[in-house]
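Naming convention: chains lettered A, B, ... in sequence-line order (proteins, then strands); numbering from 1 in each chain. Hydrogens, waters and symmetry mates play no part in the numbers below; they use all other heavy atoms, side chains included. The structure displayed is predicted, hence computed values, not measured ones.
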Amino acid sequence: MPVQKVNDSSDLDAKVPSHLQRTSITSLTMTSEPSHRCVKTQEDPLQRTAEHTSINVIFFGTLAKDFSQSARQGDVVLLADFTIKKSPSFLRDKLHPCQLEMDGKDDFVYVSVICLHFKILSIAKYTYVPLNDLKPRTVVNVYGVVTFFKQPFPSKGSDYCSTLKITDQSDVKVGCNIFSKKLEDHPILFRVGDIIRLHRFKTDVFRDSMSLLNTFGWSTVTFDGTTDSPVVPRTSSKSFHFGESDIRTVQELRQWAANQSWISNDLKVSLSMVKPGMYFDLTCQLLAKAVMDSRCILLKVWDGTKCQHPLLNVAVASDALEGESTVVKDRMNLTANVLVYDNHLEVARELKPGTFLQFYNLHALLQRAPDQQPDQSEHLSFHLHGGTSYGRGLRSLPAESPALQSLKSVLEKHVDLVEYDEVNDGTLLEIWYTPPEAVGWWRLFWFPISVQFFLSMRTCEHNTRRLTLARVKRSTPPLSCHVRARVKKYKPQQLYQCLKLFCSNCKTMEDVPDDSAVAKVFRESAKDSQPCDEQWAATSSASSREPGRTISMHISRDMVGESTHMQLIFIEGTTLDEICVLSRDYKNLVPVRSVNSRMTLMDLTAPFLFSGDKRYYGCKKCSLNTFQNPVFTGVETWDEQAVAKALGVQLMQYRLLIQFELEDQTDTLEALLWENTERFFHVSAVDASGSQDLQDKIQTIMDTIQPPDSSLEERPWLDLCLSVYSVKDDDRNKVCYQITNTEIKEE
DNA sequence: GGTTAGGATTAG
């Protein structure tokens with residue numbers, strides 16, 4: 001059995017077949033019955049004092065390949081049906097006297113992606129030199145607590161450079177520079193107090209102090225410095241050595257650093273604590289971003305705390321803003337506008353709204369908007385100036401980062417704000433502001449207001465939350481939700497093509513055949529045929545203008561004498577134009593042709609029924625051939641359904657189908673208007689099929705929703721109910737979106 | 001198997 005992954009280590013327990021007994025590594029001996037046992041490598045190594053808690057496991061064949069692709073260091077694994085052998089390396093590695101071998105025939109392995117810091121294999125031993133024992137011009141491995149660092153920045157040479165300073169229990173501080181072309185190889189550092197392990201660094205003396213520089217074969221691994229938090233190695237490297245002694249070293253450094261004044265005095269600053277003029281580090285979440293010019297990007301962020309000073313709002317055109325609207329948070333003085341300059345653009349450009357961020361050395365500045373009077377109070381703006389002095393910079397934080405736990409719990413309390421950010425009251429709906437070019441490249445101002453009204457109205461009773469399109473895309477179907485979006489594009493652009501024929505039986509959907517195709521069917525049916533002669537029908541014929549073509553009308557004898565006898569007429573030998581003219585005077589005309597004098601329906605490419613200005617089509621796949629012995633009794637009023645039933649035709653329904661490309665500040669999304677189309681336009685599809693006025697009405701509405709040649713700002717916002725669902729497409733689940741429960745308001 | 005930087009504020 002191949003290696004399988006589960007999402008949670010607790011799921012491993014459910015995977016254990018009932019005939020297997022859980023056993024611990026320590027209790028494994030050469031005489032253990034392996035076929036009835038399984039091992040879950042779950043114990044926290046820090047809690048263990050007993051000997052032989054680690055065991056080598058050797059994988060063979062495809063299992064080895066599968067395992068190496070599925071498992072990462074630190075994963076919890078469950079092994080079963082292994083072979084127990086004597087460990088040849090026991091004397092050397094001091095691990096378990098046995099080793100487990102898995103050859104892949106009947107064995108199975110489950111791997112949990114949750115990292116519980118368990119060592120899978122121990123490969124090599126490293127020695128680490130205390131920082132006060134470093135000798136010049138040697139290559140060493142060291143551990144240290146980071147007391148200062150800069151995010152990697154481009155050097156004047158060919159590489160990025162990380163500059164940091166570390167210390168350890170010896171209290172000696174050592175500077176360290178790391179050069180690498182690849183950003184991902186640089187140490188992942190979030191804050192002062194993080195712990196770093198350096199392998200193969202060269203020592204040298206610089207300005208009377210020891211310094212470290214990466215040299216061939218170098219690597220770095222970093223850890224969060226919080227005491228009692230899990231020891232999770234941070235590295236981009238796929239293979240690295242990490243064992244119990246590393247965990248111990250990290251724990252010891254954490255403990256030591258926690259009592260040092262330089263770290264315990266490091267107060268975390270939230271927006272509520274910011275004073276004008278301060279330089280500080282800010283942990284926050286990105287709400288929206290906008291490129292201001294080639295040297296400046298605006299990041300709108302929040303940390304859930306309210307600033308004591310009024311915050312400056314930087315206005316940008318809504319189409320230049322990526323991310324959700326911040327109107328409500330702006331009003332509550334929760335949104336910090338951060339202007340990010342110069343060298344930091346490289347990082348800022350890649351950030352996506354929703355990301356958690358860490359700013360380093362952010363500058364809070366009181367500023368007056370250009371149009372503000374001198375007597376009005378100034379507002380607080382935030383600048384991440386160019387350069388890297390004082391470690392100035394920014395980086396995204398992974399969502400699971402321990403540094404984010406308190407931020408997340410504060411943001412949770414604002415969950416209503418996040419969801420209802422775009423106001424529900426229909427008055428203040430969006431800020432949009434395009435600065436006139438003449439004034440300059442951008443302007444600052446405070447609470448601009450403009451109003452746009454929704455054109456569509458949701459009719460559903462759901463009390464679901466309004467989501468951004470980006471959130472909808474991240475959601476798992478099935479789901480109903482509300483969105484506010486503009487129509488970027490729609491298909492078909494030729495709106496008559498949105499009228500479709502749909503078979504409710506086989507779910508086939510077809511375009512309505514165009515007149516030239518239908519006319520051809522009529523011409524070919526009328527060619528060289530003699531009027532049909534059916535016992536059940538009364539027939540009258542007339543010559544057409546064309547020689548050799550006879551037009552015949554047939555009425556069921558069953559109906560003669562009944563009030564319905566003129567309601568259903570079979571007609572033969574006409575052109576399409578002629579039957580269209582005739583259908584003005586007769587309620588139901590069924591075009592037929594003669595095959596060996598027997599009455600037969602035309603090819604179902606043509607309508608099987610003309611009824612006033614409407615034409616009805618039958619499904620080619622589902623229609624039964626019961627026309628040989630039609631029954632016409634017992635029907636009071638003939639409509640398309642009764643006719644279809646009598647003829648054994650599967651009636652196709654008219655439907656309207658439009659595909660919208662919706663857009664909001666966060667994303668675009670393709671949504672169908674399908675089951676809800678008639679309600680949306682207040683137009684029935686079958687009526688639209690025969691009415692130019694109704695088709696014009698649809699066109700007018702579409703021109704309002706998406707005015708031809710309009711810019712994005714000119715398009716109205718639509719308040720929509722969306723249904724998110726999945727369909728099987730080539731055996732793969734595809735997520736689809738449909739507009740439901742929504743109508744266009746009629747003024 | 002070179003060089004880069006070697007902390008120490010923008011000035012919008």
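Residue Phe179(A) and nucleotide dT3(B) are not classified as a stacked aromatic pair, given the requirement of ring centres less than 5.5 Å apart at an interplanar angle below 30°. Per the stacking criterion (ring centres < 5.5 Å, plane angle < 30°), Tyr390(A) does not stack onto the base of dG7(B). Stacking between Phe148(A) and the base of dG7(B) is present: ring centres sit under 5.5 Å apart and the planes differ by under 30 degrees. Where stacking is scored as ring centres under 5.5 Å apart with planes under 30°, Tyr341(A) does not register as stacked on the base of dT10(B).
Distance Lys202(A) NZ to dT3(B) C1': 11 Å, rounded to the nearest Å. Here dG2(B) presents its P atom at 21 Å from NZ of Lys156(A), a figure rounded to the nearest Å. Atom CG in Leu213(A) sits roughly 10 Å away from atom C1' in dT3(B) (whole-Å rounding). Remark: C1' of dG12(B) and CD of Gln367(A) are 8 Å apart, rounded to the nearest angstrom. Distance Lys173(A) NZ to dA8(B) P: 17 Å, rounded to the nearest Å. In this structure, Gln151(A) atom CD and dA5(B) atom C1' are separated by 16 Å, rounded to whole Å. The distance between atom CG of Leu366(A) and atom P of dA11(B), rounded to the nearest whole Å, is 19 Å. Taking atom NZ of residue Lys181(A) and atom P of nucleotide dG2(B), one finds them 13 Å apart after rounding to whole Å.
The P atoms of dG6(B) and dT10(B) are separated by 14 Å, rounded to the nearest whole Å. Across dA5(B) and dG1(B), the matching P atoms stand 23 Å from one another, rounded to whole Å.
Between dG6(B), dT10(B), dA5(B), one nucleotide has an atom nearer to the side chain of Arg392(A) than all others, and that is dT10(B). Relative to the side chain of Asp159(A), the nucleotides dG1(B), dT4(B), dG7(B) differ in distance, and dT4(B) lies closest. Nearest to the side-chain atoms of Asn361(A) among the listed nucleotides dG6(B), dT10(B), dT9(B) stands dT9(B). Of the listed nucleotides (dG12(B), dT9(B), dA5(B)), dA5(B) has the atom at the smallest distance from the side chain of Asn177(A). Checking dA8(B), dG12(B), dG6(B) against every side-chain atom of Ser389(A), the shortest atom distance belongs to dA8(B).
For the side-chain contact (heavy atoms from CB on, under 4.5 Å) with Tyr143(A), the qualifying choice from Leu131(A), Ile166(A), Ile196(A), Ile195(A) is Ile195(A), the only one to do so. If you run side-chain contact (heavy atoms from CB on, under 4.5 Å) between Arg197(A) and each of Asn141(A), Asp246(A), Val142(A), Thr220(A), only Asp246(A) comes through.
A salt bridge does not link Arg486(A) to Asp664(A): none of the charged nitrogens lies less than 4.0 Å from a carboxylate oxygen. Lys268(A) has no carboxylate O lying under 4.0 Å from a charged side-chain N of Asp281(A), or vice versa, which leaves the two without a salt bridge.
Taking the nucleotide of DNA chain B with the nearest heavy atom to each of Ser155(A) and Thr147(A), the more 5' of the two is matched to Ser155(A).
Gly387(A) comes within 4.0 angstrom of nothing in the nucleic acid, heavy atoms only. Among the protein residues, Arg207(A) comes within range of the sugar-phosphate backbone only, with heavy atoms under 4.0 Å from sugar or phosphate atoms but none that close to a base. When heavy atoms are screened at a 4.0 angstrom cut-off, Tyr160(A) is found touching no nucleic acid atom at all.
Checking the phosphate oxygens (OP1, OP2) of dA5(B), no side-chain nitrogen or oxygen of Lys150(A) falls inside 4.0 Å.
With hydrogens and angles ignored, no donor-acceptor pair under 3.5 angstrom links the side chain of Ser158(A) to the base of dT4(B).
Side-chain contact annotation: Thr668(A) with Glu663(A), donor-acceptor N/O pair under 3.5 Å absent.
For the atom pair Leu380(A) CG and Leu312(A) CG, the distance stands at 8.5 Å (nearest 0.5 Å).
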